[in-house]
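Notes for the one structure printed next.
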Amino acid sequence: MWTFPRENQSWVSEFILLGFSSDPTSNGILFIIFLLLYLSSVLGNGLIITLICLASHLHTPMYFFLCILSLLDMAYVTTTIPQMLVHLLALHKTISFAGCWLQMYVFGALGLTESLLFVVMAYDRYIAICYPLHYTVILTWNLCMQLAAGTCACGFLFSLIHTFVTMRLPYCGPNIINHYFCEGPSVRSLACMDTHLIEMVDLAISVFVVVAPISLILASYVRIALAILKIKSTQARCKAFSTCASHLTVVIFFYAPATYIYMRPNSSYSPERDKQISLFYNVLTALLNPVVYSLRNKDIKVAFFKVMGCGKVVCELGVKRGMR
């Protein structure tokens, strides 16, 4: 049995983030790649938010949740990538203990909120397809606001618990984190004591924010699939499936790597592999969201052409060409 240290001050005052490489040439190439990925992600999600805010026909629960998802993705990558870009060019790759604490908390809060938001988005698709005539009656704006606020509250609360129990561990050295940001398992591996109980706390949180959401999403899509199969029109079935395909694609890219990182035992911890896998749910998912949700989405395309100021005929022609 163990207890938390009585003092708030850890023996380690700062950490060193190793990143991906120590070779200046490789770091220069990685800097360009990640800078382009970061800018593409921010611009893509920013465009989605702008279109949803400006286009009145996108003021529906589905696009309201998509707007929140884009906001989370922009904040998500901004929590880690700018610092990584600086460290790729800097000689000293240090982060203060307080900075590491803050980064871990914000990153975890945004990630957990996004994880729960995917469940809300699945519920939105479930109501839209299984109860189309009651869609606006069930999903009122008041309920949408409550669901959004609830996901944020749960995400930030559980991240606070995770970050508190991790950073209250004694860190007496070494202080080198083999990662590009302060991720829980990477930091916890440096603790100067047995972390078995902390792993149990993290596992309990992971069950609530990973296993439970995945189960709810799967249950929603089983009901959705059964409802779609009852539709007689082939065109209507294809349209119904297409509205769910974007959400399912993003869910898979987010949950698959996150499940591996946070649900596997600490004994199988592999720093190099974890760094690569974390890029999927940190960088690539944020980049993928605007592409997946806009590439085959007619409403988004119409909004884009309208914001650009083209006429009705040009808008329809542009949408038809984009849907080919």
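Values below: all heavy atoms of this structure, side chains included; hydrogens, waters and symmetry mates excluded.
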(message) Checking side-chain polar atoms at under 3.5 Å, does T78 have a donor or acceptor matched by the opposite partner on Y38?
(response)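 The answer is yes; a qualifying pair exists.
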(request) State whether a side-chain donor-acceptor pair under 3.5 Å links D73 with T285. (result)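 Per modelled atom types, D73 and T285 side chains form no pair under 3.5 Å.
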(request) Kindly work out whether a path of hydrophobic side-chain contacts (I/L/V/M/F/W/Y, heavy atoms less than 4.5 Å apart) joins I252 to L66. (result)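 No.
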(request) For the pair C53 and C67, evaluate disulfide (SG to SG under 2.5 Å) and give the outcome as yes or no after the intermediate values. (result) CA-CA 8 Å; C53 291; C67 183; 4.6 Å; no
Do the non-hydrogen side-chain atoms of [X] and [Y] ever get within less than 4.5 Å of each other?
X: W141; Y: T60; answer: no
X: I68; Y: L117; answer: yes
X: S41; Y: Y76; answer: no
X: N27; Y: L89; answer: no

(request) Any chance you could lay out the side chain to side chain contact (heavy atoms under 4.5 Å, CB included) test for V250 and F118, step after step, and finish with the verdict? (result) CA-CA 9 Å; V250 175; F118 282 131; 3.5 Å; yes
Heavy-atom closest contact ([X] atom, [Y] atom, distance):
X: L190; Y: N175; value: CD1-C, 4.1 Å
X: P213; Y: F208; value: CD-O, 3.1 Å
X: F181; Y: S278; value: CE2-OG, 4.3 Å
X: Q83; Y: Q103; value: OE1-NE2, 2.9 Å
X: N178; Y: G19; value: OD1-O, 4.4 Å
X: V283; Y: V77; value: CA-CG1, 4.2 Å

Please report the interatomic distance [atom1]([X]) to [atom2]([Y]), rounded to the nearest 0.5 Å.
X: M104; Y: M167; atom1: CE; atom2: CE; value: 5.0 Å
X: W101; Y: Y105; atom1: CH2; atom2: OH; value: 7.0 Å
X: L248; Y: I224; atom1: CG; atom2: CD1; value: 8.0 Å
X: L102; Y: C182; atom1: CG; atom2: SG; value: 10.0 Å
X: L218; Y: R223; atom1: CG; atom2: CZ; value: 14.0 Å
X: L116; Y: E114; atom1: CG; atom2: CD; value: 10.5 Å

Would you say that more than 12 heavy atoms from the other residues, nucleotides or ligands in this model lie under 6.0 Å from the [atom1] of [X], or not?
X: F253; atom1: CZ; answer: no
X: F280; atom1: CZ; answer: no
X: H57; atom1: NE2; answer: yes

(message) Ring centres under 6.0 Å, that's the criterion: do Y221 and Y126 meet it?
(response)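 Distance test on ring centres: not under 6.0 Å, no.
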(request) Assess the pair F164 and H162: is the distance between their ring centroids shorter than 6.0 Å? (result)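 No, the ring centres sit 6.0 Å or more apart.
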(request) If the plane angle is over 60° it's perpendicular, under 30° parallel, otherwise tilted; pick one for F20 and Y180. (result)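 Because their plane-to-plane angle is under 30°, the rings of F20 and Y180 count as parallel.
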